[in-house]
Amino acid sequence: MPFQKLRSKKIAAMQAEVQEFEDPASGARHIHLANSDKEYVFLVAFPTVPDASDGRAHILEHLALCGSRRYPVRDPFFAMSRRSIAHFMNAMTYADKTVYPFASTDRTDFFNLLHVYLDAAFFPRLDYLDFLQEGWRLVLEGDQLSYQGIVFNEMKGAFADPVRALDAGIAAELLAGTTYAHESGGDPLHIPSLTHEALREFHRTHYHPSQAVFMTAGAIDPTEIQQVIDEHVLSQMHGKLPRLLPELAGQWPAPKSTRISIPGRDHGMQFAWLLGQSVDVNAHYEAILLDTGLLGNAAAPLANAMESAGFGRPSAMNGVDTGMRQLVFHLGMEGLQEDQVAQAREQIWRALERAAEEGVPRSVLEAGLRDHRFRQREIAAGSLPNSMRRLLRAIPYEMYGGDVMLGFDNEDVLRDLQQKIADPAWFKTLVRGLLDNPTRLDAEVLPDPDYFDKREQAERAQLEQRRTALTESEKQRLQREAEQLVERQRAPVNNDVLPRILPQDLDPTPHPVEAVRKDASGAAPIVIASNAVSYARVLYDLSDLPEQDWPWLQLYAEIVTELGVGSRTYLEADAWRHDKVPYFDMNVHVMQTQGDSRGLRIIADFYAKGLSEENAAIAEVLKDSVQGARFDELDRIAYLIDSNMQDLRDDLAENGDDYAKLAATAPLSPLRRYEQMVRGSAWLEFFHRLHGQSRDDQGLRRIAEKLAAMHRRITSAPGTVLAAGAEHDVRKLIEGVSLPSGTAPSQPSCGAPAAAPLANLALHAPAQVNHCFAAWPGPTLSHPDAPVLAVLGELMTNLVLHQSLREEGGAYGGHAAYSTDSNLFVMMSYRDPRLEETYEVFQDAIEWVLDSDIAREKVEEAIICVMQSLDRPRTPFEAVMWAWEQQERGITDEIRRSYRTGVLECTTERLKQAAADWLKDKPFSRAAFVGRSEQALAGLELLRLAELAG
């Protein structure tokens, strides 16, 4: 066995042991997190440090998953995504590393994927035609030349984010001479400079065992994994290269100034300081506590100074960035007029000077340390598996030459900091160090309403230069390559070389669900294995809330946690909550029920969680926040409305896919209609009117009165206290909260909504890509066709939309799906350069299902895709809330069993019949976000989002 164990360490807070191994011959490292999790987790990471913005690291990530030596098929990654029951498969390119992770609860499946991932990373084919498909290529149509490629179009979409432009501009100056000065994902204006040969060379120098960090987690023997790595990688790749590290930026003798243009219409300013290395634990946690002390709550010195300035708002970039080899600290304001930039700079600097002289309360810093202990202990839910999240947090320590154990266990550091913060001078010294740090960039942020037009012009100029230089032989080559690529994309694929899980390998019975039962008092005490973390929620049933009040409920949810409580002002309330608990929030859950009325369950949710020793504080925060919410701080309400309005206007293009999705689906689903009114284009109109109303005192008072009335409406509704944690904790939590509430049961709202006209909209904001949606009404979950439509969506995605929209069309994504929460069948494309052709593809997909001979293997792969989501593992508290949601929606065990059986027993005949019954020649609703209004709009009616937002 080549790997040698270097050391191990038990981490009590995680109930796990970290084991560290190394292969002396190559220098390859393996970190294993041994725990009792039901999921097996793997990742391999490589340092990728490009010296250009041509996207080579990102495009290589795509190409590595397009076929390898042992698995020479066209698309093993996407093929395995339907031949595996893994609940997480991905690859991610960061600024200085590329990571290939997956997680599965099945041992056989785990080792199947391990073989595929290892071969993809170390022995990819890196085929030239895949480079043209995934990266970039020239397309010649008549006399017109254009760029195409999946990553090329993905990054066009990514550049819609103004924060990305600001971040890139700062990095280019502050981190000049390092890989961070370049766009790791690729700048679409630079991507076409990348050659296939340069990409292959990048793989050779960066993807070697010498550079690799293998990380695993779960109840599995790490030596079994090492045997596979040895057999398939180490025994075939020899030598030991120097480990690659991102360069360190140099220190400056004096601060520098710059100007950075971003898409948008507001001015801004940003300070950015270069601090110590992120694996220096002292520097790391000092920077985090600096962030906590200056910005951690509304009363913190810098947060308060920016929010109370009377102009602008805090920048979205504010705080410490720990995602690079060196720490960067940001302070700035956005939403400014040009003549306010100097004032904002002075406002921030004066606040820093005061903080250096006065410091902050010790309790603020203690709460910051408490929050870190909480994150260490919590079994976190979310898009990433819990163990994978912990591995990803630890990667920098291993890749930047630090002590990887500190990435898992920082208790010694926290204890040391606990002693340091007892000295009031300690934090003041941190702030003074920031003020005196000469490696500071002062950036003036300039709005450029023509940002996207300029990029389009630059791209057209590039293309025109290429077009005029094309020889006849080069034109023929482009035509030949285009034909070869289409031929390859459309060629039948035999994936028999790839391993697979079959539907008959899966348990035909659904995972058991523990019902959420209420006790005699109406509360729901739930005992879970929470690793000494306690959860409490106060849930109010607002299902009979009139439709015209939906936007007001959303407004309430967005700002109530930013206002005062009882006798506390908003500043005092935010500081109080931060001092008491690591997490508090208020949300609204909206669920479409399964009954004949297809109505909604609308639940207002006040939510707090923390360490179990803080149960009294959790109860106090919940009880006081619910009982004592106040709406008399009119200036604060006006500020919050104005800030939210500016965010909505700035993010029109960034959120374009959501606007299109909701516009298309709202006419067909009460759930999507609700979401359209509180997140979609209707929300823009509501907020525009609200913003105007908030500009005068009388209008502002009416808004405050409406919010206060909404609060009374919520707290008089039927309520439930739900608490989860250790057995001796939950009852105390419930007793501590003990809130009065209404008792009359609410009814699902409105029943079936009045028939709404189908959408046919093109929602426009300046951008460089489109997002296309089409939606058909479908059956409820209990209908026998529901599981068939779920399989049909996966089948269409796998065999039609992926090829036509992504591979041939260049969109970053395209899929079809039956939505179990809204009972709709939807087709969509994401970051799509096309529009008319995409809607034609949607119709072609229906015809394909009806006319094609569909192999049973393809149906089974689609079944496996549906089963992945059904069997996704959940954290203990996540499982509680999922069970509660099933009950609220009226989804019984019998419905779940029937749906699962319908998925597993789906046949080609059922698929064709469902397509004919629900899709073929049936009316459907469609909407697209369009980045350019002058393109052909496929008959869609143009609606300008900026006009809705005022």
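Below, all heavy atoms of this structure are taken into account, side chains as well, without hydrogens, waters or symmetry copies. Because the structure is a prediction, the values reported are computed rather than measured. FYI, the numbering just counts along the sequence from 1.
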Novice: With a 4.0 Å cut-off on N to O distance, would you call Arg467 and Glu464 a salt bridge?
Specialist: yes
Novice: Does Arg944 offer a backbone N or O that forms a donor-acceptor pair with the side chain of His764 under 3.5 Å?
Specialist: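 No, His764 side chain to Arg944 backbone: no donor-acceptor pair under 3.5 Å.
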Novice: Backbone N or O of Pro50 within a donor-acceptor pair of the Arg56 side chain at under 3.5 Å?
Specialist: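 Looks like no, no N/O pair under 3.5 Å.
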Novice: Donor-acceptor pair, distance only, cut-off 3.5 Å: does the side chain of His203 make one with the backbone of Ala121?
Specialist: yes
Novice: Say whether, by atom type as modelled, one donor and one acceptor occur between the side chain of Tyr180 and the main chain of Leu174 under 3.5 angstrom.
Specialist: no
Novice: Between Phe42 and Tyr100, does the ring centroid distance fall short of 6.0 Å?
Specialist: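 Aromatic pair excluded; centres sit 6.0 Å or further apart.
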Novice: Using modelled atom types and a 3.5 Å cut-off, is there a donor and acceptor pairing between side-chain atoms of Gln489 and backbone atoms of Gln803?
Specialist: no
Novice: Between Thr797 (side chain only) and Ala816 (backbone N and O only), is there a donor and an acceptor less than 3.5 Å apart?
Specialist: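 A pair under 3.5 Å: yes.
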Novice: Look only at the side chain of Arg806 and the backbone of Tyr812, and say whether a donor-acceptor pair between them is shorter than 3.5 Å.
Specialist: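 It does hold such a pair.
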Novice: Would you find more than 12 non-hydrogen atoms of other residues, nucleotides or ligands less than 6.0 Å from Glu934 atom CD?
Specialist: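 Yes - once you tally the heavy atoms of other residues, nucleotides and ligands closer than 6.0 Å, there are more than 12.
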Novice: Is it the case that Asn495 and Glu861 place a side-chain donor and acceptor less than 3.5 Å from each other?
Specialist: no
Novice: Could you please spell out the steps behind the ring-ring contact (aromatic ring centres under 6.0 Å, His included) verdict for Phe46 and His206?
Specialist: CA-CA 7 Å; Phe46 303 94; His206 288 71; 9.4 Å; no
Novice: Does any donor atom in the side chain of Gln270 or Ser315 lie under 3.5 Å from an acceptor atom in the other side chain?
Specialist: yes
Novice: Quick one: does any side-chain atom of Ser804 pair with a main-chain N or O of Leu801 as donor and acceptor, under 3.5 Å?
Specialist: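 No, because the side chain of Ser804 does not come within donor-acceptor range (under 3.5 Å) of the backbone of Leu801.
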Novice: Determine whether the side chains of Asp119 and Ser68 contain a donor N or O and an acceptor N or O closer than 3.5 Å.
Specialist: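 The answer is yes; a qualifying pair exists.
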Novice: Might you work through the salt bridge (Lys or Arg N to Asp or Glu O under 4.0 Å) test for Asp187 and Arg455, ending with a clear yes or no?
Specialist: CA-CA 10 Å; Asp187 183 334; Arg455 291 185 66 84; 2.5 Å; yes
Novice: Could you give me the CA-CA distance, side-chain angles and deciding distance for Phe202 and Tyr207, then say whether ring-ring contact (aromatic ring centres under 6.0 Å, His included) is met?
Specialist: CA-CA 8 Å; Phe202 192 76; Tyr207 281 50; 7.4 Å; no
Novice: Show, in sequence, the C-alpha distance, side-chain angles and deciding distance for Arg477 and Glu481, and conclude whether the salt bridge (Lys or Arg N to Asp or Glu O under 4.0 Å) test is met.
Specialist: CA-CA 6 Å; Arg477 175 181 58 82; Glu481 288 177 351; 3.2 Å; yes
Novice: Would Tyr659 and Phe929 count as a ring-ring contact (aromatic ring centres under 6.0 Å, His included) if you check the C-alpha gap in whole Å, the side-chain angles of each, and the deciding distance to 0.1 Å?
Specialist: CA-CA 7 Å; Tyr659 289 123; Phe929 171 84; 7.9 Å; no
